[in-house]
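For reference, the structure discussed in these notes is given below.
As the structure lists them, so they are numbered: ligands from 1, and atoms in each ligand from 1. Computed from heavy atoms alone, side chains included, the values below leave out hydrogens, waters and symmetry copies. Values in this document were obtained by computation on a predicted structure and should not be read as measured data.
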Amino acid sequence: MAISSRLDTARVFATVLLPTLAKGVIVRRPGVMALAEKTQSDSAAIATMRHLRDRYGPEPVRLRVTGRSIAVLVDPADVGRLLRESPEPFALATKEKKAALRHFQPHGVLISEGAERERRRDLNERALRPENVPVEAVVRDEADLLVRHVMSNGELTWDGFSQTWWRIVRRVVLGNAARDDDQLTDDLKALRQNANWAFLRPQQRGLRERFQRRLDEHLARREPGSLAAFPGDLSGQVPHWLFAFDAAGIVTMRALAVGGSGMRGVLESARLWPTTPVILRESTIATRWHGTWLPENTEFVVFTPFFHRDPDRLPFADRYAPELWDEVRDPAIVPFSAGPGECPARDLVLVTASAMLDALTEHLTFAGVLDEPLPATLNHFTLRMGATPVGTRVP
Ligand code: HEM
């Protein structure tokens, strides 16, 4: 059985798990992201993962920790199996996820179990269809304002982009009447900042109640043309939707930085810099891997930057390779996860993000697109891109 040495366990914690936690799992921390970019911390993480595979072979590598069975996957086929066999026997609702997410979405599908999970999963799948909302029209409307702003400033910054993005998100999710409700998403951000600390911080009951009340007022309008109009009890699910649209904005901005366009550009951005770097599952029974039994309640860790950017396996690891998405057959290139726990909003995200890329690049030419080999860590907070109207010369 592959049990990592004490030194290797320490290395996994120091270069893979702790830096991921420090960047902020639920909401990214700008200071830590800046440091991570400076040191290109994902390179060290990927190097550690390659070392594990070289030293211990393809079996899941068990970390030497007391009180918890933790297994790190290194074989792409194992990732495929883990995701396919979710949520039974590999549950999405792990202890760590429950501790973090209950701060702002105690009824979310991701931390639900059994029949309740099935019901909520089904509702999410039906509600989050791109054809349920006029996404493109909303994006175009808001992007027009941003284009004008960028034309007068000559550059696109993360702050400018993200203000527009949140207006789009609030309109798509809750309707036009929520467009300017910054307070709602600011409250959610504060709850998410607390959630980054999972077990270590108490819940902010007052703030959560205020957020949920405000959210329920918006939902009660069931504004036609928004996701809120979808029939069903959405109240417990929408906090996750608002939260996860943050990742979609980050992926869109990074796609611009790499010169990406269309849905394949969005997928590539999410492959190169996955916004869910660690996919976790917890086994509900003992399971057998490469001839070895791992006990019930083992926590399985899939560190996606390794599988997405492994230079030993992928000739395109560090370049922008949208053609790859014409037929991805790699079971471990999974920016939206896969199997029964795959992101139910994948198509909605692809439509929204690619509409934003189209709306911006139709009018603006961006300078300073990243060079290859592309960096392992990319801090979106400090991205600034010079922009000129399409048809004029880029300085
Ligand atoms: C770039 C944007 C996004 C990416 C890369 C992404 C990726 C993912 C991933 C990897 C998971 C699986 C998590 C796990 O197994 O622990 C997931 C789950 C989920 N995502 Fe997304 N997501 C994105 C945006 C969104 C948006 C905008 C929504 C809603 C509007 C959404 C709704 C969900 C839900 C409800 C789940 C839980 C599914 C379940 O428990 O079965 N996601 N997403």
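- Per-residue contacts place V251 under 4.0 angstrom from the following atoms of ligand 1 (heavy atoms of the residue considered): 1 (C).
- Close approach of ligand 1 to H240 is summarised as follows: ligand atoms under 4.0 Å from at least one heavy atom of the residue are 19 (C), 20 (N), 32 (C), 33 (C), 34 (C), 35 (C), 36 (C).
- Among all protein heavy atoms, the one lying closest to atom 40 (O) of ligand 1 is R117 NH1, 3.0 Å.
- Each of the following atoms of ligand 1 lies closer than 4.0 Å to a heavy atom of K97: 14 (C), 15 (O), 16 (O).
- For ligand 1, the atoms lying closer than 4.0 Å to a non-hydrogen atom of N124 are 35 (C).
- Using a 4.0 Å cut-off between a side-chain N of Lys or Arg and a carboxylate O of Asp or Glu, R264 and E268 do not qualify as a salt bridge.
- Atoms of ligand 1 lying under 4.0 Å from any heavy atom of R281, numbered from 1 in the order shown and given with element: 14 (C), 15 (O), 16 (O).
- Atom CD of E327 sits in a sparse spot, with 12 or fewer heavy atoms from other residues, nucleotides or ligands closer than 6.0 Å.
- The atoms of ligand 1 that sit less than 4.0 Å from any heavy atom of T276 are 7 (C), 9 (C), 10 (C).
- Polar contact with ligand 1: present for R121 (N/O pair, distance under 3.5 Å).
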Counting only pairs under 3.5 Å, give me each side-chain donor-acceptor contact of residues 247-258, with atom names and distances, residues two or more places apart or in other chains.
unit_1	atom_1	unit_2	atom_2	d
T252	OG1	A248	O	2.6
R254	NE	L378	O	3.3
R254	NH1	W273	O	3.4
R254	NH2	L378	O	2.8

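- Residue contacts with ligand 1, taken as heavy atom pairs separated by less than 4.0 Å, involve V349 solely via side-chain atoms from C-beta onward.
- Taking the ring axis of W289 as reference, the NZ or CZ atom of R81 stays within 45° of it and closer than 6.0 Å to the ring centre.
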Report task. Check the pair F243, F104 against ring-ring contact (aromatic ring centres under 6.0 Å, His included), reporting the backbone distance first and the verdict last. Result -> CA-CA 9 Å; F243 145 67; F104 64 97; 5.2 Å; yes
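- Remark: the backbone N or O of P277 is paired with a side-chain donor or acceptor of T304 at under 3.5 angstrom.
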